[in-house]
Amino acid sequence: MFDQLSDKLEGVFSGLRQRGVLTEPMIREGLREIRRVLLEADVNFQVTRDFMKRVEEKALGERVLKAVSPGQQLVKIVHEELTSMLGERRSPLALAPIPPTVIMMVGLQGSGKTTTAGKIARKMKREMRQTRMVACDVYRPAAVEQLQTLGEQVGVPVYAEPGSQDVVGIARRALELAQSERDRVVIFDTAGRLQIDEQLMDELKRLKEVLKPAEILFVADGMIGQESVNVAKGFDDALDITGVVLTKMDGDARGGAALSIYGVTGKPIKFLGVGEKLDGLEEFHPERMAGRILQ
Ligand code: GDP
């Protein structure tokens, strides 16, 4: 994950560290290189610009110019600002004060929604919370079956009404069942499309009204580049999402676009998907991720 970005940043910093004293022109040159590295890694242009502005303000202050080891100071500033670009602090899953906690998974088809629903169900179950999944992706019969298979693997019941396309009705009945069974967490897998369309958004909005979810998690394929940022913005504008899951982060994609989603939407990244298997879910910690990038 982010190996290329890491290596290139390290290249810039090691160049700067080798010089004992840093003058303002040297720092400016270093900052230009950092900017280039971020853009090459596919970090969104606006996010890069805001980031660089903040780094520059700090880096050209006395803290660096007068520091004993200026290169190290600069690394520290970049670490701080990367952390803030990634969301500042960990944002855990929100649990509703009165159960069940409803989680709605949304995103484009193929982003990893269904898989992530299974992963979160597994995590909830391991944390001793009675959990249920609900199949609201009714247009692809295979999606219902996929969720049922995941449910069996994880040991979590799945509510589905095969053959029905009454998404709102399914959601309502599933919620009633969850309430009567005293579930703690109910995860709704919803339909995705290859691209955002109005019909999909209308359906999701209606589901949101009925379900009043504690979390609307937007699932983004970390490999698809800048488009993921636009898609995130589209879903957020329509649904006011509460968090983001970046999937396929086990791949060696440039990944910088995914790192821009917080900067563009202001919505926290809650988890990373790091594998096809059900244990491939990591909690996202902005500071740790910044540390990983700056290794
Ligand atoms: P959905 O259409 O959004 O429900 O997407 P799926 O959950 O069916 O996932 C689409 C494909 O991505 C499947 O082949 C998954 O195995 C794969 N996938 C999902 N999450 C990850 C991940 O974190 N890493 C990898 N490598 N593959 C993933």
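Whatever order the structure lists ligands and atoms in, that order sets their numbers, starting from 1. All values derive from a computational prediction rather than experimental measurement.
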Run the contact test for [X] against ligand 1 with a 4.0 Å cut-off on heavy atoms, strictly below, and give the result.
X	value
Gly192	no
Arg140	yes
Gly280	no

[atom]: the protein heavy-atom neighbour that sits closest, reported with distance to 0.1 Å:
atom	answer
atom 8 (O) of ligand 1	Gln146 NE2, 3.0 Å
atom 3 (O) of ligand 1	Lys113 N, 2.8 Å
atom 4 (O) of ligand 1	Thr114 OG1, 2.6 Å
atom 14 (O) of ligand 1	Glu276 OE1, 3.6 Å
atom 24 (N) of ligand 1	Asp250 OD1, 2.9 Å
atom 18 (N) of ligand 1	Lys248 CE, 4.0 Å
atom 15 (C) of ligand 1	Thr115 OG1, 3.7 Å
atom 2 (O) of ligand 1	Gly110 N, 2.7 Å

Side chains of Glu287 and Thr83: donor-acceptor distance under 3.5 Å anywhere?
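No, because no side-chain N or O of Glu287 sits under 3.5 Å from a partner of the opposite role on Thr83.
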Pair Glu203-Tyr139, side-chain donor/acceptor within less than 3.5 Å:
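Side chains of Glu203 and Tyr139: pair found under 3.5 Å.
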[Y]/[X] salt bridge by N-O under 4.0 Å criterion:
X	Y	value
Lys113	Asp189	no
Lys205	Glu198	no
Glu176	Arg173	no
Asp237	Lys233	yes
Arg288	Glu283	no

Identify, by atom number and element, the atoms of ligand 1 in contact range of [X], meaning under 4.0 Å from any of its heavy atoms.
X	value
Lys119	22 (C), 23 (O)
Gln109	2 (O)
Gly273	23 (O)
Leu108	3 (O)

Taking non-hydrogen atoms only, is Asp189 closer than 4.0 angstrom to ligand 1 via side chain, backbone, both or neither?
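No part of Asp189 comes within reach of ligand 1.
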Mark yes when over 12 heavy atoms from residues, nucleotides or ligands other than Arg90 sit less than 6.0 Å from its CZ; otherwise mark no.
yes
In this structure, which one of Arg35, Gln4, Lys8 forms a side chain to side chain donor-acceptor pair (under 3.5 Å) with Glu40?
Lys8
In the structure I gave you, are the side-chain heavy atoms of Phe271 and Leu93 within less than 4.5 Å of one another anywhere?
yes
